[in-house]
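Naming: A, B, ... by sequence-line order, numbering from 1 per chain.
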Amino acid sequence: MAYVVGSDKDFDKTRLAKAVHRSAVANSMPTGQAENFARYVVERVEKWIQDKAEITASELRLQTVATMAEYDSDVAYLYENENKIF
Amino acid sequence: MPADFMNIWLPLIVAALVQASFALGVSMLTLLSSHILASKKPERLGRLSFFYIEGIFMAVFIGLAALVFFLVQLPYSQGAHFWAIISGAATGIGLMVLLFYYSFGKKNGTRLWIPRASAEFLYKRTRAVSQPFEAFILGVASVIIELVFIIAPLVIAANLIVNLAGTMQILAIFIYVVIAILPTFLLYLSNLRRNKISNFQLWREKNKKFLQVTAGFLLMILGIYLFTYKAIGG
Amino acid sequence: MKKSKFDYDVIVIGSGAAGITSAEIIAKSGKSVAIIEQNRLGGSAPYISDIPTQALTTAAHSLDSARQAAEFGLRTQTVGYSYPLIEKWKNLATRRSGAKFTSDYFNKNGVAVFRGRAHFISKNEISIGRRHLTAEKFVIATGAKPLIPNIAGLNEVDYLTMETAMNLLKPPKSLFVIGAGETGCQLAEMFAIFGTKVYLADAKSRILPREDEQVSELFEEVFLKARGMEVFSSSRVIGIRKHGAMSIVTYLQNGVERFIGVDKVLLATGYAPNTDLGLGNAGVEFDGNGIKVNEFLQTSVKNIWAAGDVLGRFGNVQGAVYEGEIVVANIFGRNKIVPDYRAMSHVIWLSPEVASVGASEIELTRANIKFKTSVVQNSAIERAKTSNFAVGFTKIMTDKDGRILGAIVVAPHAAEIIGELALAIQYGMTAQQIASTIMPFGSWSEVVRLACAQV
């Protein structure tokens, strides 16, 4: 499992899934759809990570946003900018 | 009446519009709403948002009323010197808004002037809201935090309202507060209808320069207007 | 002596043509250098692309020549081949070419070797596995990988890429090649010679879309008439599905949907640069076409340089080697060099070979440069008659003063002939100078002299 430099722990797909799900639901996506969305995103991100031993927290975030944007750019925007609201 | 309109109501409305164009209240409601919608009880959105707006409303209303009360006691509040100080402060703060209100850089979303450590704290506090009174306090806090910018339009508004008769003062304060919190209220209504938060946030990000320039210039123009009308003309 | 704060002066990521060139030159200059390689040392050229392709196409063209040798009075009825032996020959050629690239070889030449996947953590630090290395400067030479197109159903079939096509145990009975660029055409022709029924498709309006139009027209005719291939230009593959042991390929040609059942599908849709190495962490700008560099091959980060296929420019070894040299000169030299690609030749290993150098007609037209053209068919020279091979031509483009701007040679041994034209372009020679040079009578070079004389 890839180690995330910056957060000092291994990649945690459950945590990522929760964060993605959260952003989707916060953007008024129905819960079931949000769950599928989160699962899809995490699968794609896991695939991207599989041949990497280490990644940084910021590139994990970028990759997650890029993957989300392929499916729903609005949710991707919210995920990317949640900590830039103020 | 027309004299009253030019002397009091017009600058009062402009001051309210200036306060309305400041972003912290809207930003915090955006974050609060996204947090509630993503929580296990999204149905609390309406109630908690309402109490948040109520907090802003009460803070601005009471703050403005208190200022009016204080300025009524002050013998020289309508004097040319006092107006000169207020208009100078407004112009200066308008310039500050133009320069510092939003963080520079395209990738900074709608990040504001708040120091990062304080912003982090606010972020955590907003996400931790789960009770109506917490939402209310958060609303009050958003007004207090942004006091450094909104003090100018508030003092201007208060000093204008001092010239009105008793009941008209209450009406004027109410009108000011309604205009000042209108964007936040519209966001609240939009969230109730479950419109996408991202749409509103994206709009804000795309137009932040416009909002910043509008707020800054309006404040500066208001300052110059009052200086001309009240400090020199008065 | 002051201890450096970095592990190495330079780290080179990738041990292909560009990476090896850079690393060796840097080591010779006395600097500390390390090379990082995820796969086999030596990169793709010795093992996947140039060498195995050339070994197999040599075998194919030899077979083709042998079949036609009846015209010379040879008895060719029993000419055949053994594909396992051809594979064995290819593996031998590959081993010969890549054999020297071992860790020992690099160590002896002063280059430290690290095996693994490099990933930037910051602009001066990479991780390989969990190990971190730092360097003052980096050279990214990670090359490119086959681009897998987004075609519905592709994942259901066992498709071939250039690498896997090189390692088949026998040629397929039928083959659908998606992509009629250089790689697609080379492999398509090779398999056609070995007896495969080949269907060659490209979304563009002609095959070999990057080459001169005359080259495309010539080879479309050659493929159809001499190789028994079917060529579908302006055809986009929209779906593939499995049907027993076959693959049904559905494609759109002129708005009409058609389908064909084949044994195997070969993807030759181009290459994607290998940019998935945490470039964002280092601040290096890149896009789908490759890493963005300035005219000195320096990336958006001052201490990081890039060379070779990862730039998405040429996709050939000579270009990668050249860029590897330029990068080192620019890293350590005071006066930076801008690479000059005018005289870099490009070869496609078909029969006849296609070799080009300099600017193409399209490039000259787009740049609004007035030029003169001369085209001479190979049939005009004696060699074509004595070798019974008249297919091909030579085209020379010159400016108004006769200086050679570009050239295309389509002929046997074109790769050898093009060298003189590359030299001419490099040193600003005129077509008249070439025309007045004595060429051996009966050689293929005569077509060059004739073409230069007629400009």
Interchain contact, [X] with chain A, by part (heavy-atom threshold 4.5 Å):
| X | answer |
| --- | --- |
| B:Arg127 | side chain |
| B:Asn195 | backbone |
| B:Leu202 | both |
| B:Thr126 | side chain |
| B:Leu45 | neither |

Just checking [X]: does its [atom1] atom have more than 12 heavy atoms from other residues, nucleotides or ligands closer to it than 6.0 angstrom?
| X | atom1 | answer |
| --- | --- | --- |
| B:Arg193 | CZ | no |
| B:Phe136 | CZ | yes |
| B:Phe217 | CZ | no |
| B:Arg194 | CZ | yes |
| A:Lys13 | NZ | no |
| A:Tyr40 | OH | yes |

Checked A:Met29, A:His21, A:Arg22, A:Glu80 vs chain B; the most non-hydrogen pairs under 4.5 Å come from A:Arg22
[X] versus [Y], closest heavy-atom pair with distance:
| X | Y | answer |
| --- | --- | --- |
| A:Asn81 | B:Glu205 | OD1-OE1, 4.0 Å |
| B:Ile197 | A:Asn27 | N-OD1, 3.1 Å |
| A:Tyr77 | B:Gln201 | OH-O, 3.4 Å |
| A:Val25 | B:Leu37 | CG1-O, 3.0 Å |

Give, as side chain, backbone, both or neither, the part of A:Asp74 having an atom under 4.5 angstrom from any heavy atom of chain B.
both
Please classify the contact between A:Glu82 and chain B as side chain, backbone, both or neither, with a heavy-atom cut-off of under 4.5 Å.
both
Do B:Ser27 side-chain atoms and A:Ile85 backbone N/O form a donor-acceptor pair below 3.5 Å?
yes
Looking at B:Ser103, B:Ser39, B:Ser34, which one has more heavy-atom pairs under 4.5 Å with chain A than the rest?
B:Ser34
